[in-house]
Engineer: 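Below you'll find the structure I mean.
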Amino acid sequence: MRSKTAADTLGSTVSQLQERLGPLTRDFWDNLEKETDWVRQEMNKDLEEVKQKVQPYLDEFQKKWKEDVELYRQKVAPLGAELQESARQKLQELQGRLSPVAEEFRDRMRTHVDSLRTQLAPHSEQMRESLAQRLAELKSNPTLNEYHTRAKTHLKTLGEKARPALEDLRHSLMPMLETLKTKAQSVIDKASETLTAQ
């Protein structure tokens, strides 16, 4: 019955701690989200600009890829039918005929990939430079410095407000921990006595 009471007390203490800390942590995260929203908006705007510049190249790449896949599917289809009809006898011959088609397809795909990489390279570099510039601006931005100061203040306030609740929890737990320690020691002592008696 005692252990149940201790568990109830622990549960009650933890619930009280959650009730007291809940509003404090919610306020902290709400303030943090509001104060960093402009940073997220600026980053999204930069990413959207790059996306719009790059999208035509990606669309063209996808179009060429689909066209070539369809073209080679049509070339390979009759060979597949012939393979089924001829079975083992013509397997080597058909493999020889399929190999150049597959190599040609692979080479064309590589050409498309290389072309896309070349087209995207300036935009990738521009994006890197833009992000580097944006980060440099953010580091020197007075608003960000102010946010940093305010965040530290919020954290300090949160810590100060949470301290009494944590102290209460510690004081509530100490008697329970002492009781558990005493019971554990008693069990160990009895086990030692039993082993010694044997």
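Every value quoted in this text rests on a predicted model; they were computed, and no experiment measured them.
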Engineer: Establish, from distance only, whether the side-chain atoms of Gln133 and Glu129 form a donor-acceptor pair under 3.5 Å.
Structural biologist: no

Engineer: If I take atom CD from residue Gln62 and atom NE2 from residue His112, how far apart are they, to the nearest 0.5 angstrom?
Structural biologist: 12.5 Å

Engineer: Is it the case that over 12 heavy atoms from other parts of the model lie below 6.0 angstrom from the NZ atom of Lys75?
Structural biologist: yes

Engineer: Side chain to side chain contact (heavy atoms under 4.5 Å, CB included) with Lys63: which residues, sequence neighbours excluded?
Structural biologist: Glu60, Glu67

Engineer: What is the minimum heavy-atom distance between Phe61 and Leu116, and which atoms define it?
Structural biologist: CG-CD2, 3.6 Å

Engineer: Return yes if some donor-acceptor pair links the side-chain N/O of Thr182 with the main-chain N/O of Glu178 below 3.5 Å, else return no.
Structural biologist: yes

Engineer: Spell out, as yes or no, whether a donor-acceptor pair under 3.5 Å connects the side chain of Ser115 to the backbone of Thr111.
Structural biologist: no

Engineer: Taking side-chain contact (heavy atoms from CB on, under 4.5 Å) as the criterion, tell me which of Arg108, Arg110, Met109 meets it with Arg106.
Structural biologist: Arg110

Engineer: For Val101 and Tyr72, work out which heavy atoms get closest and say how close.
Structural biologist: CG1-CD2, 3.7 Å

Engineer: List the atom of Val113, the atom of Trp65, and the distance in Å for their closest heavy-atom pair.
Structural biologist: CG2-CZ3, 4.4 Å

Engineer: Rounded to the nearest 0.5 Å, what separates atom NZ in Lys45 from atom CD in Gln41?
Structural biologist: 9.0 Å

Engineer: Does a side-chain heavy-atom distance below 4.5 Å link Gln74 with Glu70?
Structural biologist: yes

